[in-house]
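These notes are about the structure you will find just below.
Note that the structure is a prediction, hence the values are computed from the model and not measured.
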Amino acid sequence: MAEGYQLKEYPSAPPQPPPPYYYTPQQGTPVNIVVVSEPTDSTILLDQHVEQEDYYLTMSVVMTVLCCIFGGWPSLVISAIAICVSQTAQDAAAAGDTACARKRAKISLILNIFSIIFYIITLVIYAVILAVAFTSVVGHRRCSHISCDVLGCVYVYYNC
């Protein structure tokens with residue numbers, strides 16, 4: 001073994017607290033026993049099961065997906081902002097700031113309501129545009145052909 005090194009034996013169990021100290025009274029005095037001991041380190045585990053609220057995150061994600069598939073960009077922008085606000089509400093709740101979490105959850109709900117309103121307006125506008133386009137095509141039967149020249153091809157519509 002190298003010089004200057006010593007082997008240390010490690011204890012197999014953690015060190016025990018010192019035994020309590022007893023005070024023994026002298027002869028002729030009433031017998032009262034006083035136990036003095038040092039407090040031991042004890043860990044108290046509390047089983048705190050905290051229900052994690054959603055803070056309208058699910059509603060925001062569903063509106064974002066619907067707006068990506070069927071809706072327009074105003075609803076998409078508003079629902080994306082609602083996702084961010086509801087995520088900050090969850091972060092505030094995790095930090096223990098319930099007042100801020102409730103405030104941001106309310107803002108997220110309001111943004112989701114506006115997103116739903118804009119979504120419905122966008123769907124109504126799409127339906128009106130499709131109805132007008134369908135009635136104009138069905139009401140006036142048109143024929144078409146492609147006319148090509150040197151500059152390119154052009155669709156030509158005429159009444160049959």
Side-chain angles (χ1 to χ4, degrees), residues 1-2 4-25 32-140 142 144 152-155 157:
M1 199 188 269
Y5 290 103
Q6 296 177 353
L7 285 178
K8 287 187 177 180
E9 187 173 317
Y10 290 101
S12 61
Q16 299 295 322
Y21 301 105
Y22 295 101
Y23 171 75
T24 54
N32 292 329
I33 298 176
V34 177
V35 178
V36 180
S37 66
E38 295 179 12
T40 60
D41 292 335
S42 62
T43 305
I44 299 174
L45 298 176
L46 298 176
D47 185 19
Q48 294 180 352
H49 181 68
V50 178
E51 288 290 328
Q52 184 176 1
E53 293 185 36
D54 188 36
Y55 298 106
Y56 306 106
L57 181 64
T58 304
M59 181 187 242
S60 303
V61 170
V62 167
M63 281 307 300
T64 303
V65 170
L66 283 176
C67 291
C68 285
I69 296 172
F70 300 114
W73 63 270
S75 299
L76 180 64
V77 170
I78 293 172
S79 62
I81 294 171
I83 288 175
C84 296
V85 172
S86 61
Q87 185 61 45
T88 58
Q90 284 185 348
D91 293 343
D97 192 2
T98 57
C100 182
R102 287 184 185 143
K103 180 181 172 185
R104 290 179 181 174
K106 188 175 182 180
I107 292 170
S108 177
L109 177 64
I110 291 169
L111 287 171
N112 280 316
I113 290 171
F114 280 128
S115 177
I116 291 169
I117 290 170
F118 280 119
Y119 182 71
I120 292 171
I121 290 171
T122 304
L123 288 180
V124 168
I125 290 172
Y126 285 164
V128 168
I129 290 172
L130 287 175
V132 168
F134 184 72
T135 56
S136 67
V137 169
V138 171
H140 299 89
R142 296 183 178 211
S144 64
C153 295
V154 178
Y155 287 100
Y157 294 99

So how far is it from [X] [atom1] to [Y] [atom2], rounded to the nearest 0.5 Å?
X: Leu109; Y: Met59; atom1: CG; atom2: CE; result: 6.0 Å
X: Asp91; Y: Tyr55; atom1: CG; atom2: OH; result: 10.5 Å
X: Leu66; Y: Leu76; atom1: CG; atom2: CG; result: 11.0 Å
X: Leu57; Y: Asn112; atom1: CG; atom2: CG; result: 9.5 Å
X: Ile78; Y: Ile116; atom1: CD1; atom2: CD1; result: 11.0 Å
X: Thr98; Y: Arg102; atom1: OG1; atom2: CZ; result: 5.0 Å

Distance-minimising heavy-atom pair for [X] and [Y]:
X: Ser115; Y: Cys67; value: OG-SG, 4.2 Å
X: Glu53; Y: Gln90; value: O-NE2, 3.5 Å
X: Val85; Y: Thr88; value: O-OG1, 2.6 Å

- Query: Do the non-hydrogen side-chain atoms of Ser60 and Ser79 ever get within less than 4.5 Å of each other?
  - Reply: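 With C-beta onward as the side chain, the pair stays apart.
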- Message: Looking at Arg104, is its backbone amide N or carbonyl O close enough to the side chain of Ser108 to form a donor-acceptor pair, meaning the two atoms are under 3.5 Å apart?
- Response: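 Absent.
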- Item | Residue Tyr119 excluded, over 12 heavy atoms near OH under 6.0 Å |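 Atom OH in Tyr119 is crowded, with more than 12 foreign heavy atoms closer than 6.0 Å.
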